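The first residue in the sequence is number 1, and the count goes up from there. Just so you know, these numbers come straight off a predicted model, no measurement behind them.
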Amino acid sequence: MDLGLKGKSALVCAASKGLGKGCAVSLAREGVEVTILARGVEALEATAEEIRRETGAKVTSLACDITTPEGRQKALAACPAPDILVTNAGGPPPGDFRQWGEAEWLAALKANMLTPIELIKATIDPMIQRRFGRIINITSGAVKMPIDVLGLSNGARTGLTGFCAGLARQVAQHGVTINNLLPGPFDTDRLRTNTKIAAEKSGKSFDDVWNQRMMQNPSRRFGTVAEFGDACAFLASAQAGFITGQNLLMDGGHFPGTL
């Protein structure tokens with residue numbers, strides 16, 4: 001199916017690996033010119049070359065910290081008026097809320113709420129003028145089913161979700177949609193790192209912990225980066241123009257709710 005994205009441009013954050021990379025690959029495969037951002041130069045350049053080789057798309061890579069004003073300025077200079085904005089940032093560390101002070105909360109809000117809002121503010125008016133825009137925020141399944149040790153993430157990402165729910169209804173008439181992708185357990189470096197830590201703490205092997213967690217999911221597997229990226233590409237497509245203000249949960253059925 002042609003998603004109607006050929007010739008469009010996209011700014012994809014935290015795209016050197018994991019879910020951000022999956023989104024960049026899927027968009028590039030649809031003929032989108034992608035600008036990918038990340039902090040680490042080496043991994044970013046390798047990903048850019050991989051996407052060029054696999055898709056033939058134009059790929060611009062920029063190493064920057066998107067959570068800083070300077071980083072956002074550089075990103076928007078490289079891709080000033082994207083048709084598609086994919087916001088993404090690593091989550092804050094786990095812990096007990098009794099141990100967090102104002103500094104920890106502000107850091108979480110800065111990365112997972114305020115940075116996406118600043119990027120939206122900088123790009124949404126040109127989208128409105130062109131009468132086409134797709135804003136996709138990578139948040140977390142914890143928005144629907146909070147994880148007790150991830151209070152910083154629960155709070156910051158839910159704040160972004162609430163903000164976007166209101167904004168999405170304001171701009172829908174202009175052909176601009178805003179949706180959130182909520183990943184559950186995906187086979188990424190982050191999941192493998194967390195599994196390794198859990199294995200070391202429990203005294204079990206990595207494979208035992210990995211397989212145990214996998215079998216706890218109704219699908220009996222973890223999600224793949226490729227299928228996450230394809231979901232992002234669909235939300236960015238011409239066919240998804242009537243979908244806005246939604247939270248697409250991708251967790252293999254782990255969330256036990258009806259709605």
Rounded at 0.5 Å granularity, tell me how far CG in Leu249 sits from CG in Leu182. 5.5 Å

Counting heavy atoms not belonging to His254, are there more than 12 under 6.0 Å from its NE2? no

Non-hydrogen atoms of Thr47 and Ala15 that approach each other most closely: CG2-O, 3.6 Å

So which heavy atom on Gly184 is nearest to which on Asp251, and how close? CA-CB, 3.9 Å

Could you check whether any side-chain N or O of Thr60 sits under 3.5 Å from a backbone N or O of Thr35, counting only pairs where one atom can act as donor and the other as acceptor? no

Stepwise side-chain contact (heavy atoms from CB on, under 4.5 Å) check, Lys21 with Val12: CA-CA 8 Å; Lys21 177 182 177 180; Val12 187; over 6 Å; no

Using a 4.5 Å cut-off on heavy atoms from C-beta on, say whether the side chain of Pro146 contacts that of Thr158. no

Report the distance from atom CG of Asn247 to atom CG of Asn180, rounding to the nearest 0.5 Å. 4.5 Å

dist Cys232:SG -> Glu30:CD (nearest 0.5 Å) comes out at 11.0 Å

Looking only at atom types and distance, does a side-chain atom of Asn179 sit under 3.5 Å from a main-chain N or O of Ile136, one as donor and one as acceptor? no

Exercise: identify the closest heavy-atom pair between Gly101 and Glu104: N-OE1, 2.7 Å

Atom pair CD1 (Ile84) and OG1 (Thr177), whose distance is rounded to the nearest 0.5 Å: 9.5 Å

Going from CD on Gln216 to CZ on Arg220, what distance comes out if it is rounded to the nearest 0.5 angstrom? 9.5 Å

Main-chain N/O of Ser237 paired with Lys8 side-chain donor or acceptor, under 3.5 Å: no

Indicate the atoms forming the closest heavy-atom contact of Gly18 with Val225, along with that distance. O-CG1, 3.2 Å

Would you mind writing out the side-chain donor-acceptor pairs for residues 206-215 within the sub-3.5 Å range, not counting sequence neighbours?
unit_1: Asp208; atom_1: OD2; unit_2: Ser205; atom_2: OG; d: 3.2
unit_1: Asn211; atom_1: ND2; unit_2: Asp207; atom_2: O; d: 3.0

Taking Arg72 for its side chain and Thr115 for its backbone only, find out whether a donor-acceptor pair lies under 3.5 Å. no

Just so I know, are the side chains of Met145 and Pro256 near enough to count as touching, which here means a heavy-atom distance under 4.5 Å? yes

Transitively linked via ILVMFWY side-chain contacts under 4.5 Å: Leu37 with Phe228? no

Does the Glu200 side chain pair with the main chain of Ala198, one donor and one acceptor, at a distance under 3.5 Å? no

Using the rule that two of Ile, Leu, Val, Met, Phe, Trp, Tyr join whenever any of their side-chain heavy atoms come within less than 4.5 Å, decide whether Phe222 and Leu19 are in one cluster. no

Side chains of Ile51 and Arg29 in contact at under 4.5 Å (non-hydrogen atoms): no

Hey, is the main chain of Asp83 close enough, under 3.5 Å, to the side chain of Ser9 for a donor-acceptor pair? yes

Is the backbone N or O of Ala199 less than 3.5 Å from a side-chain atom of Ser202, with the two atoms forming a donor-acceptor pair by type? yes

Step by step, would you call Asn217 with Ser219 a side chain to side chain donor-acceptor pair (under 3.5 Å)? CA-CA 5 Å; Asn217 191 282; Ser219 69; 2.7 Å; yes

Are Ile66 and Phe163 connected in the hydrophobic side-chain network, where two residues link if heavy atoms are under 4.5 Å apart? yes

Has Thr68 got a side-chain atom pairing as donor or acceptor with Asp65's backbone, closer than 3.5 angstrom? yes

Got a second to check how far Thr161's OG1 is from Ile178's CD1, nearest 0.5 Å? 12.0 Å

Electrostatic pair Arg53:Glu50 at N-O distance under 4.0 angstrom: no

Student check: side-chain heavy atoms of Arg134 and Leu5 closer than 4.5 Å: no

Starting from the C-alpha separation in whole Å, work towards a yes-or-no answer on salt bridge (charged side-chain N to carboxylate O under 4.0 Å, His left out) for Glu227 and Arg221. CA-CA 13 Å; Glu227 61 192 340; Arg221 69 179 182 91; 2.8 Å; yes

For Ala81 against Arg130, the heavy-atom pair lying closest together: O-NH2, 3.4 Å

If you look at every heavy atom in Lys17 and Asp189, which pair is closest and at what distance? CD-OD2, 3.6 Å

Would you please name every residue forming a ring pair (Phe, Tyr, Trp, His ring centres under 6.0 Å) with Phe255, sequence neighbours left out? none

